[in-house]
Amino acid sequence: MSIYSFLVAVRSDGQQLMSDTGETTSHLMGMFYRTLRIVDNGIKPLYVFDGAPPKLKSGELAKRFARKNEASEQHEEAKETGTAEEVEKFSRRTVRVTREHNEECRRLLRLMGIPFIVAPTEAEAQCAVLARAGKVYAAASEDMDTLTFDSPILLRHLTFSEQRKEPIQEIHLDKTLEGLNMDRKQFIDLCILLGCDYLDPVPKIGPNTALKLIRDHGTLEKVVEFIESDPKKKYAIPEDWPYQDARELFLHPDVRSADDPECDFKWEAPDVEGLVQFLVNEKGFNEDRVRSAAQKLQKNVKTAQQSRLEGFFKAIPKTEDQKKDLKRKHEEKVADAKKKKKEDAKTKKETKAKAHLNS
DNA sequence: ACTCTGAATCTAGACGGG
DNA sequence: TGATTCAGAGT
DNA sequence: CCCGTCC
């Protein structure tokens, strides 16, 4: 996901950044500096790459594929008749992450000394397993499904950019379940009903209705039974709606077990010359920037021995605005239940910096 | 009058100099 | 892809 | 904070 957004966002003149041989470097630029920033804040990241998607997702992927193709047509058309802005707009929509992009990012991480794993299927599911096993403090993702996959903690907006507008959000599954007053099985059913990548949404059922239905009936079986026996025919379950299969994916996703040798992660010193060779010689990055970045990595691998974020996070007071916001979309609901109890989190460094500024 | 869904729209990174 | 905003149907 | 640059 990050690779995708780097490809979309890291641009100049409507074009992705490129080496002098015309190869895209946006993904490397994004990965390199974001990772550097994260490490510099005392965090030891572990990257999880997506594997082959589960079969249930093929319907959704087909839709995305169709949308991409449509965007490509519009892109071509815009190149002929449209304005530069239109061309750029459609260009962003046609972005696809290739195997090469992924491989280059892995090569970069190896040179940086940052561990990673390629998940058998969904990265979010693998993240959840690793977080659950204590291999990492939390799973960082924008995808709420991470909680559905049973990650005890989900971090959103984990970027340490200065210009970050959104605060880092730390969502605890236990507090979320507590806030919703549900067990995990019900939570999974709720998430499925809210709409997930594996199933078509049920028309007319949005976040509020979904929550009410699960509350009233307890399980998806009962909800489906209720809907189908409702004389008023208010809702209609789609033709092909294998919710048990979706549930099974959330309960038992195909993942690498945390005690697998592949999950014996090591954070190592960067290969400085390797980084220079790759980023400078092959991709045309500025050598001074790369070297000083590598130096930072080297320094941090020695000092940052903390394997947990705990010491780095500190709750900050919640604003009234945020509290009032508690009524919205589906995943927000999940966050909402949690927001009531949990506060947004910031890094120690940041908090200190802010406190310093304020004083 | 209020609640809710769903369609439309916009946007997306990181950094630093001025 | 997600977040935000808005129109209109439903209650 | 705004806006250009990174490659």
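Both backbone and side-chain heavy atoms feed into the values below; hydrogens, waters and symmetry mates do not. To find a chain, count down the sequence lines: A is the first, B the second, and so on, and within it residues start at 1. The shown structure was predicted, so the numbers you read here are calculated from the model rather than taken from an experiment.
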Item to check | Nearest-angstrom distance, C1' atom, B/dA7 to D/dC6 | outcome: 38 Å

Checklist entry - What is the nucleic acid contact for A/Arg11, judged by heavy atoms within less than 4.0 Å: base, sugar-phosphate only, or nothing? => result base

Item to check | Rounded distance (Å) that lies between atom P of B/dG13 and atom CD1 of A/Ile3 | outcome: 14 Å

Checklist entry - Base, sugar-phosphate, or nothing for A/Lys234, non-hydrogen atoms under 4.0 angstrom? => result sugar-phosphate

Next on the checklist: Side chain of A/Ser12 only, heavy atoms from C-beta on: which candidate in B/dC15, D/dC6, B/dA14 is closest?
Outcome noted: D/dC6

Next on the checklist: Between A/Phe226 and A/His217, is the ring centroid distance below 6.0 Å?
Outcome noted: yes

Next on the checklist: Is the distance between the ring centroids of A/Phe116 and A/Phe265 under 6.0 Å?
Outcome noted: no

Item to check | A/Met1 side-chain proximity, nearest of C/dT1, B/dA14, B/dA12 | outcome: C/dT1

Checklist entry - On a whole-Å scale, what distance lies between the C1' atoms belonging to C/dG2 and B/dC15? => result 25 Å

Checklist entry - Rounding to the closest angstrom, what is the interatomic distance between C/dA3 and B/dG13 at atom P? => result 12 Å

Checklist entry - Over how many whole Å does the gap from A/Met29 atom CE to D/dC6 atom P extend? => result 9 Å

Next on the checklist: Once you apply a heavy-atom cut-off of 4.0 Å, does A/Gly30 come out as touching a base, just sugar-phosphate, or nothing?
Outcome noted: nothing

Item to check | Inter-nucleotide C1' distance (B/dG6, D/dC7), Å rounded | outcome: 41 Å

Please write out each protein N/O paired with an N/O of nucleotides 5-9 of chain B under 3.5 Å, distance rounded to 0.1 Å.
| residue | atom | partner | partner atom | Å |
| --- | --- | --- | --- | --- |
| B/dT5 | OP1 | A/Gly206 | N | 2.7 |
| B/dT5 | OP1 | A/Gly206 | O | 3.3 |
| B/dT5 | OP1 | A/Thr209 | N | 3.1 |
| B/dT5 | OP1 | A/Thr209 | OG1 | 2.6 |
| B/dT5 | OP2 | A/Asn208 | ND2 | 3.2 |
| B/dG6 | OP1 | A/Lys204 | N | 2.5 |

Checklist entry - Under 4.0 Å between a side-chain N/O of A/Arg156 and OP1 or OP2 of C/dA3, yes or no? => result yes

Next on the checklist: Rounded to whole Å, how long is the line connecting atom CG of A/Asp288 with atom C1' of B/dC15?
Outcome noted: 16 Å

Item to check | Selection from D/dC7, B/dA14, B/dC15 that lies nearest to any side-chain heavy atom of A/Phe6 | outcome: B/dA14

Checklist entry - Reckon A/Asp20 touches a base, only the sugar-phosphate, or nothing at all at heavy-atom distances under 4.0 Å? => result nothing

Item to check | Per A/Tyr33 side chain, nearest of listed nucleotides B/dA12, C/dT1, B/dA14 | outcome: B/dA14

Checklist outcome for this item: Taken to the nearest whole Å, CD/A/Glu124 to P/C/dT1 is 13 Å

Checklist entry - Is the shortest side-chain N/O distance from A/Arg64 to OP1 or OP2 of C/dT1 below 4.0 Å? => result yes

Next on the checklist: Does B/dA14 have its OP1 or OP2 closer than 4.0 Å to a side-chain nitrogen or oxygen of A/Thr159?
Outcome noted: yes

Checklist outcome for this item: For A/Cys263 and A/Ile117, the nearest pair of non-hydrogen atoms, with its separation, is SG-CD1, 3.8 Å

Next on the checklist: Would you say A/Arg67 places a side-chain N or O within less than 4.0 Å of OP1 or OP2 belonging to C/dT1?
Outcome noted: yes

Next on the checklist: Work out how far the P atom of B/dA12 is from that of D/dC3, and round it to whole angstrom.
Outcome noted: 14 Å

Checklist entry - Between A/Arg92 and B/dA12, is there a side-chain N or O to OP1/OP2 distance below 4.0 Å? => result no

Item to check | Over 12 foreign heavy atoms within 6.0 Å of CG, A/Asp13 | outcome: no

Next on the checklist: Could you walk me through whether A/Glu170 and A/His172 satisfy the side chain to side chain donor-acceptor pair (under 3.5 Å) test, starting with their C-alpha distance in whole Å, then the side-chain angles of each, then the deciding distance to 0.1 Å, before giving a yes or no?
Outcome noted: CA-CA 7 Å; A/Glu170 181 171 338; A/His172 290 237; 2.8 Å; yes

Item to check | CG on A/Asp143 to CG on A/Asp197, rounded to 0.5 Å | outcome: 7.0 Å

